[in-house]
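Presented below is the structure to which this report refers.
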Amino acid sequence: MRKKILCMALVGTMAFSMAACGNKNKENDPTPTPSTAPTQEAGQPTQEAGEPTQEATEPTTAPAQFEDFDVTEMVDGILERVEAPAMMPGSEYELTELYGIPADKVDGYAIRVPMMNVSATEIAAFRAATEDDVQAVVDAVNARVQALITQWESYLPAQLELVQNHKLLVQGRYVFLIIGEEELSNYAENVFMRKFDPSIEEMVLARKFREFQAVIKEKTDDKMVLEYTEGEQVYTFECTYAEYFYAEGGLENFTVGDTVKATLEESVPEAEGTMQASLNFIDKAME
């Protein structure tokens with residue numbers, strides 16, 4: 001009988017020890033609290049085609065002194081600095097139909113969509129009417145991204161990749177969607193985040209030329225040398241004529257020393273020395 005009591009006591013002691021160990025392990029290794037993932041860096045796909053859209057970063061409260069800015073001015077300023085496909089501004093139709101955002105959910109928005117249906121580049125910035133409306137705007141933007149993935153996954157792979165690499169940034173009541181090439185994406189993110197933290201270093205863009213006013217320094221039937229001056233800086237372009245080159249009034253009406261408005265076929269980045277380019281159009285500038 002005594003042996004039986006001792007066995008039962010031993011079993012009870014072991015059970016208590018196992019329970020204590022279990023509680024100790026639970027305290028040292030707690031289950032992590034679920035959290036949303038931060039915005040992906042440019043070049044890292046946010047999702048594969050057909051997979052659910054990645055959730056946006058959790059809305060944060062912006063410092064009060066940086067809470068008020070015009071999203072239209074921000075978006076237009078970005079597109080003035082970075083080359084992008086031809087885009088047109090979105091109206092309330094794009095807000096409510098493309099994005100599915102009721103007009104009373106925002107007190108400011110700027111949507112820019114491509115003019116041609118061969119580009120997926122798109123920028124959209126929203127200021128939610130209240131903090132309670134932020135999540136509704138984020139959900140609508142995620143739904144728009146998913147619709148674009150469906151649209152492009154059987155069409156143009158390169159454009160699909162742009163959508164997959166999108167950035168969805170959320171700060172306070174501001175929600176910002178960026179779909180575009182790496183330079184546009186990185187610059188737009190930099191401009192937006194500096195609105196909330198001016199200590200972030202401003203991104204410097206390489207200057208690119210496409211339309212400018214210049215002086216003809218040399219001219220032959222095959223090419224033209226143009227010189228553009230800005231402040232103390234002088235830029236020189238040695239231009240062959242593009243396949244569809246057009247000179248207003250005929251090339252024979254232009255001569256060395258003329259000041260002209262010039263359009264290059266493609267943008268040429270700023271460089272040391274003479275830059276090689278293809279001239280698409282020239283017209284005499286008003287004197």
Side-chain angles (χ1 to χ4, degrees), residues 40-44 70-90 94 110-125 148 152 155-169 176-195 200-214 224 226-231 233-246 260-283:
Q40 294 282 346
E41 294 294 331
Q44 297 297 320
D70 189 313
V71 292
T72 299
E73 288 183 2
M74 180 190 73
V75 168
D76 288 344
I78 290 169
L79 293 176
E80 285 176 2
R81 292 292 308 280
V82 186
E83 185 177 7
M87 306 185 79
M88 59 184 181
E94 280 71 26
I111 301 171
R112 300 294 180 267
V113 294
M115 295 183 68
M116 306 294 289
N117 62 2
V118 292
S119 172
T121 299
E122 187 165 318
I123 289 184
L148 288 170
W152 291 103
Y155 188 21
L156 296 175
Q159 300 307 306
L160 171 62
E161 187 176 357
L162 291 184
V163 180
Q164 291 173 331
N165 290 340
H166 75 278
K167 290 180 179 178
L168 179 51
L169 309 175
F176 192 24
L177 172 67
I178 313 163
I179 300 173
E181 297 290 348
E182 185 174 354
E183 183 179 65
L184 171 61
S185 179
N186 289 344
Y187 181 70
E189 178 180 17
N190 180 260
V191 169
F192 179 74
M193 295 308 296
R194 290 185 73 249
K195 296 287 188 183
I200 296 175
E201 185 175 352
E202 183 177 3
M203 181 177 171
V204 178
L205 293 172
R207 177 78 181 274
K208 292 185 178 181
F209 301 87
R210 187 166 188 270
E211 298 179 355
F212 53 93
Q213 188 166 297
M224 186 179 294
L226 300 176
E227 189 176 90
Y228 166 62
T229 303
E230 183 176 33
Q233 182 68 46
V234 178
Y235 302 94
T236 303
F237 300 84
E238 185 176 284
C239 305
T240 54
Y241 303 129
E243 181 180 359
Y244 298 105
F245 169 69
Y246 179 77
V260 297
K261 292 180 291 184
T263 303
L264 305 179
E265 187 173 47
E266 296 181 358
S267 296
V268 176
E270 179 180 338
E272 295 292 334
T274 302
M275 291 174 274
Q276 305 298 315
S278 180
L279 187 60
N280 182 263
F281 171 83
I282 59 170
D283 183 18

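On a predicted model such as this, the values are computed, not experimentally measured, just so you know.
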- Item | CD (Glu201) with more than 12 external heavy atoms under 6.0 Å | no
Donor-acceptor pairs under 3.5 Å, side chain of residues 235-242 to any protein atom, not counting sequence neighbours: which ones?
unit_1 : atom_1 : unit_2 : atom_2 : d
Tyr241 : OH     : Thr220 : O      : 2.9
Tyr241 : OH     : Lys223 : O      : 3.2

- Looking only at heavy atoms, the pair that brings Phe245 and Phe281 closest together is CD1-N, 4.1 Å
- Message: Working to the nearest 0.5 angstrom, can you tell me the gap between Asn280 CG and Thr263 OG1?
- Response: 6.5 Å
- Task: Output the distance between atom CZ (Phe192) and atom NZ (Lys167), rounded to the nearest 0.5 Å.
- Result: 12.0 Å
- Side-chain contact test, heavy atoms from C-beta onward, threshold under 4.5 Å: evaluate it for Thr121 versus Glu181 and give yes or no. no
- Answer yes or no: is there a side-chain heavy-atom contact under 4.5 Å between Val75 and Ile111? no
- Query: Going by the angle between their ring planes, with limits at 30° and 60°, are Tyr155 and Trp152 parallel, tilted or perpendicular?
  - Reply: parallel
- Query: Which value, rounded to the nearest 0.5 Å, describes the distance between His166 atom NE2 and Gln164 atom CD?
  - Reply: 10.0 Å
- Item | Residue pair Ser185 / Ile178: nearest heavy atoms and the distance that separates them | CA-CG2, 3.7 Å
- Considering all heavy atoms, the nearest Glu73-Asp70 contact: N-OD1, 3.2 Å
- Message: Surrounding CD of Gln213 (heavy atoms of other residues, nucleotides or ligands, distance under 6.0 Å), is the total greater than 12?
- Response: yes
- Taken to the nearest 0.5 Å, the spacing of Met87 CE from Ile123 CD1 works out to 5.5 Å
- Item | All side chain to side chain donor-acceptor pair (under 3.5 Å) counterparts of Gln159, not counting sequence neighbours | none
- Task: Side-chain contact test, heavy atoms from C-beta onward, threshold under 4.5 Å: evaluate it for Leu184 versus Leu79 and give yes or no.
- Result: yes
- Item | Student check: side-chain heavy atoms of Glu122 and Val163 closer than 4.5 Å | no
- Message: Run the salt bridge (charged side-chain N to carboxylate O under 4.0 Å, His left out) test against Glu230 and tell me which residues pass, sequence neighbours left out.
- Response: Arg207
- Tell me the salt bridge (Lys or Arg N to Asp or Glu O under 4.0 Å) pairs involving residues 260-276, sequence neighbours left out? Lys261-Asp283
- Task: Enumerate the residue pairs fulfilling side-chain hydrogen bond (donor to acceptor under 3.5 Å, both in side chains) with a member in residues 74-89, sequence neighbours excluded, ordered by first and then second residue.
- Result: Asp76-Arg112, Arg81-Tyr187, Glu83-Ser267
- List the atom of Ala125, the atom of Phe176, and the distance in Å for their closest heavy-atom pair. CB-CD1, 3.7 Å
- side-chain contact (heavy atoms from CB on, under 4.5 Å) partners of Glu183, counting only residues at least two apart: Val82, Leu205, Lys208
- With side chains defined as the heavy atoms from C-beta onward, is the minimum distance between Leu264 and Leu279 less than 4.5 Å? yes
